[in-house]
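Worth knowing before you read on, the calculation uses all heavy atoms, side chains too, and leaves out hydrogens, waters and symmetry mates. These numbers come from a predicted model, not from an experiment. We count residues from 1, following the sequence as given.
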Amino acid sequence: MRAQHHTGAGGGREERLVVDRRPCRTARPRTLTGAVFVPHPYVLPVVGALGTWAHRLPSARKSVWARLHRAVLDELGSRGRLDWSRCAIDSVSIRALKGGKLTGSDPTDRGKKGSKIHLICDRTGLPISLAISGANLHDSQALEPSIRGVPSIRSRRGPRRRRPAKLHGDKGYAYDHLRRRLRERGIVPRIARRGIESSQRLGSHRRVVERTMSRLAGCRRLHRRYERKAERFLAFAGISAVLICLRRLVRADAQNRSAS
């Protein structure tokens with residue numbers, strides 16, 4: 001708002017207030033500046049007005065975090081630190097404070113906006129596949145995209161591998177068509193059965209992925225979602241997964257040095 005002085009018809013000076021409607025450019029954004037990459041070529045389940053479909057980010061294959069995550073997994077796989085005998089899948093809901101893409105009403109948080117992190121880890125708890133979606137997406141709809149998102153990882157002996165021998169999951173994945181799809185891929189499903197297994201006893205194999213989920217949710221940038229863009233939120237989730245793998249690799253190097 002600024003004042004302008006004009007000369008009136010009678011020769012006197014008139015003062016008019018003119019409102020400046022130009023946008024203010026002094027405020028700095030709270031997000032990081034620069035290029036933000038998607039950590040892994042995962043298939044992201046998206047919820048829209050026309051239903052659920054699979055959406056792949058265009059820059060996923062060129063991501064720096066994808067190459068870093070795969071390089072760390074390749075190093076762990078070449079040393080025999082990845083256990084493909086039993087993998088587990090689970091998800092965790094994160095509240096989205098500013099909304100944005102890949103958010104939805106969280107039924108477990110009084111309908112507030114949130115996102116889900118879907119994770120597949122090996123038998124020791126190392127994250128090998130990561131995806132995000134809206135909080136209102138059912139876990140069963142994210143199983144197939146998460147399986148397709150597992151990269152081809154180097155093995156200690158033989159060719160690269162991207163399929164676990166068995167996959168454990170809770171009752172949210174207890175559907176016949178999902179079990180059939182897993183068997184078609186050569187994966188033995190170990191999913192809790194409704195009406196037979198209790199929800200209180202998740203088993204020692206599924207508790208591994210819950211422990212990894214707690215580590216991811218314990219990160220400051222993943223405790224709450226502040227990013228409006230899904231690419232940035234997925235990038236922070238991928239960085240956390242890389243750090244978990246790097247800690248395991250550093251621990252293995254320390255054990256080898258102490259043994260020698």
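Side chain of R70 to backbone of S152: a donor-acceptor contact under 3.5 angstrom is found. Looking only at distances, no side-chain donor or acceptor of T103 sits under 3.5 Å from a matching main-chain atom of G99. At least one donor-acceptor pair closer than 3.5 Å links the side chain of R162 to the backbone N or O of R148. For T212 (side chain) and G125 (main-chain N/O), a donor-acceptor pair under 3.5 Å exists by modelled atom type. Although no hydrogens or angles enter the test, the distance criterion places a donor-acceptor pair under 3.5 Å between the side chain of D74 and the main chain of R154. In this structure, R183 contributes its side chain and P189 its backbone to no donor-acceptor pair below 3.5 Å. Using modelled atom types, no side-chain atom of R225 and backbone atom of S115 make a donor-acceptor pair closer than 3.5 Å. Checked by atom type and distance alone, the side chain of S129 never pairs as donor or acceptor with a backbone atom of I120 at under 3.5 Å. A side-chain donor-acceptor contact under 3.5 Å links K116 to the backbone of L137. Using a distance-only test at 3.5 Å, with no hydrogens or angles considered, a donor-acceptor pair links the side chain of R228 to the main chain of K98.
One finds the CZ atom of R156 at 12.0 Å from the CG atom of L82 (value rounded to the nearest 0.5 Å). From E75, atom CD reaches atom OG of S78 across 4.0 Å, with rounding to the nearest 0.5 Å. Here the straight-line distance linking atom CG of L126 with atom CG of L73 works out to 7.5 Å at 0.5 Å rounding. Rounded to the nearest 0.5 angstrom, Q141 CD and Y173 OH are separated by 11.5 Å. Here the SG-NZ distance, from C87 to K166, works out to 12.0 Å after rounding to the nearest 0.5 Å.
Salt bridge absent: D109 and K112 never bring a charged side-chain N and a carboxylate O closer than 4.0 Å. Ion pairing between a basic and an acidic side chain is recognised when a charged N comes within 4.0 Å of a carboxylate O; D90 and R207 show no such pairing. Note on D122 versus R86: no salt bridge recorded, every NZ/NE/NH1/NH2 to OD/OE distance being 4.0 Å or above.
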- Message: Between L167 and I147, does the side chain to side chain contact (heavy atoms under 4.5 Å, CB included) criterion hold? Intermediate values first, please.
- Response: CA-CA 10 Å; L167 183 66; I147 289 294; 3.8 Å; yes
- Message: Between R161 and S155, is the side-chain hydrogen bond (donor to acceptor under 3.5 Å, both in side chains) condition met? List the steps.
- Response: CA-CA 7 Å; R161 186 171 181 176; S155 302; over 6 Å; no
- Task: Apply side chain to side chain contact (heavy atoms under 4.5 Å, CB included) to L102 and F233, showing your working.
- Result: CA-CA 10 Å; L102 295 183; F233 180 64; over 6 Å; no
- Applying side chain to side chain contact (heavy atoms under 4.5 Å, CB included), run through L182 and L178 and close with a yes or a no. CA-CA 6 Å; L182 290 176; L178 294 179; 5.5 Å; no
- Verify side chain to side chain contact (heavy atoms under 4.5 Å, CB included) between R181 and E144, making sure each step is shown before the conclusion. CA-CA 8 Å; R181 296 289 178 83; E144 294 185 53; 2.8 Å; yes
What pairs of donor and acceptor atoms, side-chain ones from residues 234-251 against any protein atom, are under 3.5 angstrom apart with sequence neighbours left out?
unit_1: S240; atom_1: OG; unit_2: F236; atom_2: O; d: 3.1
unit_1: R248; atom_1: NH1; unit_2: T124; atom_2: OG1; d: 3.1
unit_1: R248; atom_1: NH2; unit_2: T124; atom_2: O; d: 3.1

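Applying side chain to side chain contact (heavy atoms under 4.5 Å, CB included) to C121 and the options I128, L130, V208, I89 leaves one that passes, V208.
Contact between E227 and R232 at its shortest, heavy atoms only, is CG-CB, 3.8 Å. When all heavy atoms of H118 and S146 are compared, the closest pair comes out as CB-OG, 3.9 Å.
Counted within 6.0 Å of CZ on R220, heavy atoms from surrounding residues, nucleotides or ligands total 12 or fewer; the atom is thus considered open. By the neighbour-count criterion of 12 heavy atoms within 6.0 Å, atom CZ of R179 is densely surrounded, having more than that number from other residues, nucleotides or ligands. With a 6.0 Å radius and a threshold of 12 heavy atoms from other residues, nucleotides or ligands, R110 has its CZ atom at or below the threshold.
Y175 does not carry R180 over the face of its six-membered ring by the limits of under 6.0 Å from the centre and within 45° of the normal.
Among residue pairs with one or both ends in residues 126-137, none qualify as salt bridge (Lys or Arg N to Asp or Glu O under 4.0 Å); sequence neighbours excluded.
Between R79 and D253 there is a side-chain heavy-atom pair separated by less than 4.5 Å.
For the 3.5 Å distance criterion, the side chains of D139 and S91 qualify, holding a donor opposite an acceptor.
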